[in-house]
There are 2 protein chains.
Amino acid sequence: MQELTSMRLTTQRQIILEELLKVTSHPTANEVYDMVRKRLPRIGLGTVYRNLELMAETGMILKLEVGGTQKRFDATVAPHYHIRCMECGKVDDIKMPVQEGINEIAAQVSHYQILGHHIEFTGLCSDCTGSQQKTSIN
Amino acid sequence: MQELTSMRLTTQRQIILEELLKVTSHPTANEVYDMVRKRLPRIGLGTVYRNLELMAETGMILKLEVGGTQKRFDATVAPHYHIRCMECGKVDDIKMPVQEGINEIAAQVSHYQILGHHIEFTGLCSDCTGSQQKTSIN
DNA sequence: TTCTGTCTTGAGATATGTTACCATATAATA
DNA sequence: TATTATATGGTAACATATCTCAAGACAGAA
């Protein structure tokens with residue numbers, strides 16, 4: 001685990017965080033790379049991955065490992081849920097109350113020590129509605 | 001979308017499904033490959049991927065795109081939730097009632113057409129408890 | 001049966017996403 | 001500043017997933 005105190009404040013880190021704070025779209029590492037490169041053309045993709053991972057470890061940002069193969073990153077660290085468009089893969093926030101009780105229910109029915117939960121809705125965004133109709137999974 | 005009727009029942013498909021039905025561990029494609037290879041040593045990894053994807057499309061099995069970068073597969077198709085061990089990555093079922101109401105809540109607060117949801121708990125499995133302590137995310 | 005067209009497979013090539021490595025550069029500190 | 005541990009950028013390596021295609025297997029027609 002990375003210590004917050006030992007993390008140097010480099011230009012790259014500042015800009016990565018700034019760019020992430022600008023958007024609510026939960027960009028992938030590669031999308032962050034594209035955003036940051038407009039201001040720091042010589043930044044390396046590895047630096048972006050390294051720092052996103054590091055910032056997620058320290059809790060500065062959130063790493064979402066939701067559907068789809070890529071990791072996504074979110075500067076909103078307060079607990080909240082997400083919805084993913086099955087058609088285009090876009091991920092948005094769902095502004096609904098956090099389901100407080102369900103961790104306790106889960107603790108009762110499993111042998112795990114519960115640390116948290118995440119709800120991911122699947123659906124069709126307004127751009128993709130119309131062209132597609134699929135059946136609900138659960 | 002693949003038609004169920006047009007899907008031939010090949011030895012490979014039978015064995016992939018049989019092996020998947022044997023376990024409750026939500027194996028990755030590669031783990032399925034290893035399991036199946038014990039009975040069909042000459043099967044190709046592509047065949048495993050192809051057929052898992054196909055069976056997921058027809059609804060014979062469930063494809064889980066939960067935390068972690070790899071896809072996992074589940075022969076239990078009835079709606080249910082999962083818990084993932086933060087330490088070893090293992091995924092287990094959580095036998096708790098499906099939260100019926102939350103799709104409607106989500107529909108009200110978003111512009112998406114809601115198709116479903118999935119809840120993923122994170123925690124520490126009984127094997128990993130003790131060595132680690134982490135703070136809850138949400 | 002044998003033929004014929006279609007579906008499926010296995011093997012390898014390719015694509016995609018991520019991490020590791022290392023020489024150089026740089027922020028923090030004394 | 002001079003020092004030094006840490007961070008960077010470029011590239012290679014790796015892991016996962018998908019694509020391609022010739023050869024094989026199968027179902028239905030002849």
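Chain letters run A, B, ... following the sequence lines, proteins first, then strands; residues in each count from 1. None of these values were measured; they are calculated from a predicted model.
Here the side chain of B/Glu31 pairs a donor or acceptor atom with the backbone of B/Thr28 at under 3.5 angstrom. In this structure, the side chain of B/Tyr81 engages the main chain of B/Gln99 through a donor-acceptor pair within 3.5 Å.
The hydrophobic cluster containing B/Met35 also includes B/Val23, under a criterion of side-chain heavy atoms closer than 4.5 Å among ILVMFWY residues, counted directly or through chains of members.
Taking atom CG of B/Asn51 as the reference point, atom P of C/dC7 lies 15 Å away to the nearest angstrom. Between the CD atom of B/Gln12 and the P atom of D/dG24 there is a distance of 14 Å, given to the nearest Å. Atoms CD (A/Glu57) and P (D/dA7) sit 12 Å apart, rounded to a whole Å. The CD1-P distance, from B/Ile43 to D/dA25, rounds to 14 Å in whole Å. Straight-line distance from the CZ atom of B/Arg72 to the C1' atom of D/dA15: 14 Å, rounded to whole Å. Note: CG (B/Leu40) to P (C/dT9) measures 10 Å, nearest angstrom. Atom CZ of B/Arg42 and atom P of D/dA23 are 15 Å apart (whole Å). In this structure, CD1 of A/Ile15 is placed 10 Å from P of D/dG9, rounded to the nearest angstrom.
Residues passing the side-chain contact (heavy atoms from CB on, under 4.5 Å) test with A/Arg37 are A/Tyr33, A/Asp34, A/Ile43, sequence neighbours excluded. For the side-chain contact (heavy atoms from CB on, under 4.5 Å) test, residues two or more places apart in sequence or in another chain that qualify with A/Thr10 are A/Arg8, A/Gln12, A/Arg13. In this structure B/Asp74 satisfies the side-chain contact (heavy atoms from CB on, under 4.5 Å) test together with B/His26, B/Leu62, B/Leu64, B/Thr76, B/His80, B/His82, B/Asp93, sequence neighbours excluded.
Between the CZ atom of A/Phe73 and the CD1 atom of A/Ile61 there is a distance of 6.0 Å, given to the nearest 0.5 Å. Between atom CD of residue B/Glu57 and atom CG of residue B/Asn51 there is a gap of 11.5 Å, rounded to the nearest 0.5 Å. Distance CG/A/Leu115 to CG/B/Leu124: 5.0 Å, rounded to 0.5 Å.
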*Can you check each nucleotide of nucleotides 24-30 of chain C against protein heavy atoms at under 4.0 Å and return B for base, S for sugar-phosphate only, - for none, in 5' to 3' order?*
--BBS--

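Listed pair B/Thr47 / C/dT9 fails the phosphate criterion, with no side-chain N or O lying under 4.0 Å from OP1 or OP2. In terms of phosphate contacts, B/Arg13 brings a side-chain nitrogen or oxygen within less than 4.0 Å of OP1 or OP2 of C/dT8.
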Check: protein-nucleotides 17-22 of chain D nitrogen or oxygen pairs below 3.5 Å:
from, atom 1, to, atom 2, distance (Å)
D/dA17, OP1, B/Lys71, N, 2.9
D/dA17, OP2, B/Tyr49, OH, 2.6
D/dT18, OP1, B/Lys71, NZ, 3.1

